[in-house]
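Since the structure comes first, as structure tokens, the remarks are kept for the end.
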Amino acid sequence: MNKIKACIFDLDGVIVDTAKYHYMAWKKLAEELGFEFTPEQNERLKGVSRMKSLDILLDIGKINVSYDEKIKLAEKKNNWYKEYISNMKKDEILPGARELLELVRNNGIKTALGSVSKNSMTILNGLKLTKYFDAIIDGNKVKNAKPDPEVFLLGAGELNINPKNCVVFEDAKSGIQAAFNAGMYSIGVGDKKILGKAN
Ligand code: BG6
Ligand code: MG
């Protein structure tokens, strides 16, 4: 592989244990709409934007609603999610994440956040993790969710590092695909059966 000059980290499910809260909130919404939503189905939502996730969820439940109703449902999910993350403790930083951030920075390697979540800054500031990133790309900066490479390419751009010298850490299948699409090396965090495409 090429020389590593930057590491780009996804947030939910890589730095912090928040993937479970996204799932809990979507599951609650599904139940309110009258259908089951399984962890297997949830894999499709990881790395996907809030509105796109809602579309997938409604498709699974075979439910049709107006655009205005979708906005209300997405807001409802986000309010539950924000409630869950408001009580987050430092021990919900995933094991080794902070240590890895320190290690790469101490070795002169740049770091970026590459998440499509609009709640990224709330989480990073709440857990005092913001200082570990040289660049932060979140859901407020990107138009296209993963597997589109936009989020990672913007990160490399802000760091002024060639994509081929970047390593991406991801827990989502769509995220591994986004890294591939960006021409970056990828490390899957999770189940090999799901993230098999990772380097
Ligand atoms: C990603 C998560 O990091 O952010 C997705 O993997 C989530 O599950 C997406 O839908 C958008 O998050 P938010 O916080 O903007 O609703
Ligand atoms: Mg993730």
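Ligands are counted one by one from 1 in listed order, and the atoms in each one are counted from 1 as well.
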Go through the steps to decide whether Asn2 and Asn162 satisfy the test side chain to side chain donor-acceptor pair (under 3.5 Å), and finish with yes or no. CA-CA 10 Å; Asn2 300 305; Asn162 193 312; over 6 Å; no
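Annotation: cation-pi pair Lys197/Phe180 present, NZ/CZ under 6.0 Å from the ring centroid and within 45° of its normal.
Residue Asp10: an N/O/S atom is found under 2.8 Å from the Mg ion (ligand 2).
Residue Leu45 approaches ligand 1 through these ligand atoms, each under 4.0 Å from one of its heavy atoms: 5 (C), 8 (O). Annotation for ligand 1: atoms under 4.0 Å from non-hydrogen atoms of Ser115 are 3 (O). Taking a cut-off of under 4.0 Å to the non-hydrogen atoms of Lys46, the atoms of ligand 1 that pass are 6 (O). Heavy-atom contacts of Val48 reach the following atoms of ligand 1: 5 (C), 7 (C), 9 (C), 10 (O), 11 (C) (cutoff under 4.0 Å). Interface atoms of ligand 1 facing Asn119, defined by a heavy-atom separation under 4.0 Å, are 13 (P), 14 (O). The atoms of ligand 1 that sit less than 4.0 Å from any heavy atom of Arg50 are 11 (C), 13 (P), 15 (O), 16 (O).
Heavy atoms of Asp12 found under 4.0 angstrom from ligand 1 belong exclusively to the side chain. Both the backbone and the side chain of Lys118 come within 4.0 Å of ligand 1, judged by heavy-atom distances. Under 4.0 angstrom from ligand 1, the non-hydrogen atoms of Ser53 all belong to its side chain.
If you run side chain to side chain contact (heavy atoms under 4.5 Å, CB included) between Lys146 and each of Val168, Val151, Asn181, only Val151 comes through.
For Asp171, the N, O or S atom with the smallest separation from the Mg ion (ligand 2) is OD1. Looking at Asp12 and the Mg ion (ligand 2) together, the shortest N, O or S contact belongs to O.
The 12-atom threshold is exceeded at NZ of Lys27, counting heavy atoms of other residues, nucleotides or ligands nearer than 6.0 Å. The 12-atom threshold is not exceeded at NZ of Lys128, counting heavy atoms of other residues, nucleotides or ligands nearer than 6.0 Å. For Lys141, the NZ atom sits in a packed shell: over 12 heavy atoms of surrounding residues, nucleotides or ligands are nearer than 6.0 Å.
Relative orientation of the Tyr81 and His22 rings is parallel, given thresholds of 30° and 60° on the angle between their planes.
Among Ala145, Ala19, Ser117, the residue whose heavy atom sits closest to atom 11 (C) of ligand 1 is Ser117.
Leu11 does not count as a contact of ligand 1, since none of its heavy atoms falls under 4.0 Å from the ligand. Contact analysis puts Gly47 in contact with ligand 1, with a non-hydrogen atom separation below 4.0 angstrom.
For the residue pair Tyr132 and Arg105, no side-chain donor N or O sits within less than 3.5 Å of a side-chain acceptor on the partner.
Under the 3.5 Å distance criterion, the side-chain polar atoms of Lys89 are matched with a main-chain donor or acceptor of Asn87. Panel note: side chain Asp138, backbone Lys118; no donor-acceptor pair is recorded below 3.5 Å.
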